[in-house]
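Protein chains get the first letters and strands the later ones, always in sequence-line order, with residue 1 at the start of each.
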There are 2 protein chains.
Amino acid sequence: MRRTRFDRWPCPIARTTDLVGDWWTPLVMREAFSGRRRFEDFQRALKVPRAVLARRLDRLVDEGLLKKVPYQEHPPRYEYRLTDKGRAFWDVLAAMWRWGSDWLWGENGPPVILIDNETGREVRPLVVDQNTGNRLTGRRLRMGRKQDVGVLS
Amino acid sequence: MRRTRFDRWPCPIARTTDLVGDWWTPLVMREAFSGRRRFEDFQRALKVPRAVLARRLDRLVDEGLLKKVPYQEHPPRYEYRLTDKGRAFWDVLAAMWRWGSDWLWGENGPPVILIDNETGREVRPLVVDQNTGNRLTGRRLRMGRKQDVGVLS
DNA sequence: TCTCCTAAGTTCATCCAGCGAACTACATAG
DNA sequence: CTATGTAGTTCGCTGGATGAACTTAGGAGA
């Protein structure tokens with residue numbers, strides 16, 4: 001049987017899971033953010049099986065996170081560039097970065113950090129509520145239908 | 001061959017990918033945040049194959065996101081509860097929620113929203129830099145070794 | 001006592017997806 | 001005419017997801 005698809009479930013987490021649940025996909029996006037554009041660049045950087053990479057890139061183009069842009073004719077060659085949708089995906093990678101940094105290393109934390117190219121300073125991603133600026137805690141949230149907003153029980 | 005493991009790569013995104021790349025795992029965590037604790041609760045809510053659920057719960061316990069707590073003897077039964085590490089993972093789910101809400105629906109957006117249990121108001125997760133409070137853009141960031149911080153080229 | 005029920009898994013056969021290596025296609029460089 | 005570069009595709013193998021059935025251990029009801 002085919003792996004259960006989540007991309008039509010009525011939950012944003014489920015639909016996003018359908019993407020990031022493809023093995024290698026977050027890493028392909030990471031590489032796109034670090035400037036890689038061509039098949040061979042991705043392949044050499046990640047050592048990902050070529051067949052898998054081809055499928056991932058195809059899907060990311062289908063989903064609109066990347067777009068194919070020709071960079072030569074004879075033979076026709078395309079590179080993969082981030083779209084707005086793809087750039088927005090950085091937030092997901094940043095949250096993964098932060099959680100991984102905080103919880104998946106012992107002692108001194110990971111050997112790498114995120115650096116702002118303009119200030120040269122370390123960046124520490126944090127997830128907050130856009131309205132209040134407060135840090136989120138899953139405990140105090142629930143998922144509800146749109147009509148439920150503002151209705152205190 | 002076994003699927004390539006990322007859990008020892010020197011990059012927080014890679015290590016986190018190793019977790020969320022397991023099919024169903026983010027959804028299991030989502031259910032944990034919505035209060036589910038027992039095997040049958042998770043299984044009924046998600047319709048996940050039982051063998052897969054058992055493996056996911058085992059791994060999440062191994063990785064320290066969930067812990068097994070006995071809730072009865074005769075026969076011995078355990079429930080799965082979030083640890084601090086697991087609660088911190090909410091940030092990753094929140095970022096996925098936001099990106100999915102913004103980019104994986106047409107028209108009116110998804111039929112569901114996140115609601116703060118105390119205020120009853122909608123919550124919109126946003127990823128910012130902890131130091132500056134500014135929204136992040138992947139373009140202006142690079143990953144570097146720890147020694148590189150503050151060193152402007 | 002016998003049977004049904006619940007909870008938390010385990011086992012099984014099937015089939016899809018990831019794996020590494022080799023191969024192909026097309027153009028240019030020497 | 002051969003070598004090189006780029007972007008894939010094909011192939012044989014095997015791990016992992018799938019749904020259904022089975023197991024284990026006890027409790028409840030007739």
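- Note on Val52(A): only backbone sugar-phosphate atoms sit closer than 4.0 angstrom, heavy atoms only; bases stay farther off.
- For Lys47(A) against Trp24(A), the heavy-atom pair with the smallest separation is O-CH2, 4.1 Å.
- Each of Ala54(A) and Arg2(A) was assigned the nucleotide of DNA chain D with the nearest heavy atom; the assignment lying further toward the 5' end belongs to Ala54(A).
- A perpendicular orientation is assigned to the rings of Phe42(A) and Tyr80(A), their planes being inclined by more than 60° (bins at 30° and 60°).
- Met143(A) is listed as a side-chain neighbour of Leu114(B), based on a closest heavy-atom distance under 4.5 Å.
- Rounding to whole angstrom units, CZ of residue Arg5(A) and P of dT18(D) are separated by 10 Å.
- Atom CZ of Phe6(A) and atom C1' of dT18(D) are 12 Å apart (whole Å).
- Checked by distance alone, Arg50(A) brings a side-chain donor or acceptor within 3.5 Å of a matching partner on the base of dG8(D).
- Panel note: side chain Arg56(A), backbone Met29(A); no donor-acceptor pair is recorded below 3.5 Å.
- The minimum heavy-atom distance between Pro125(A) and Leu136(B), with the atom names listed, is CB-CD1, 3.8 Å.
- Of the charged side-chain nitrogens involved, at least one lies within less than 4.0 Å of a carboxylate oxygen, so that Arg135(A) and Asp91(B) count as a salt-bridged pair.
- Ranked by how close their nearest DNA chain D nucleotide is to the 5' end, Met1(A) and Ala51(A) are led by Ala51(A).
- Under a 4.0 Å N-O distance rule, the pair Glu79(B)/Arg36(B) does not qualify as a salt bridge.
- Between Arg77(A) and Glu79(B), the residue anchored nearer the 5' end of DNA chain C, judged by the nucleotide with its closest heavy atom, is Glu79(B).
- Under a 4.0 Å N-O distance rule, the pair Asp102(A)/Arg98(A) qualifies as a salt bridge.
- Using a 4.0 Å cutoff to heavy atoms of chain B, the contacted part of DNA chain C runs 5' to 3' from dA7(C) to dC19(C).
- At a non-hydrogen distance threshold of 4.0 Å, Arg55(A), Arg56(A), His74(A), Pro75(A) from residues 55-76 of chain A come into contact with DNA chain C.
- The nearest pair of heavy atoms linking Arg87(B) to Phe33(B) is O-CZ, 3.5 Å.
- In this structure, Trp99(A) and Phe89(B) have perpendicular ring planes: the angle between them is above 60°, well past the 30° mark.
- Across residues 26-44 of chain B, Arg38(B), Phe39(B), Glu40(B) each have a non-hydrogen atom less than 4.0 Å from an atom of DNA chain C (numbered order).
- In this structure, Trp23(A) does not reach the dG16(D) phosphate: none of its side-chain N or O atoms is under 4.0 Å from OP1 or OP2.
- Figure legend: Arg15(B) and Trp105(A) shown as a cation-pi pair, the cationic atom lying under 6.0 angstrom from the six-membered ring centre and within 45 degrees of its axis.
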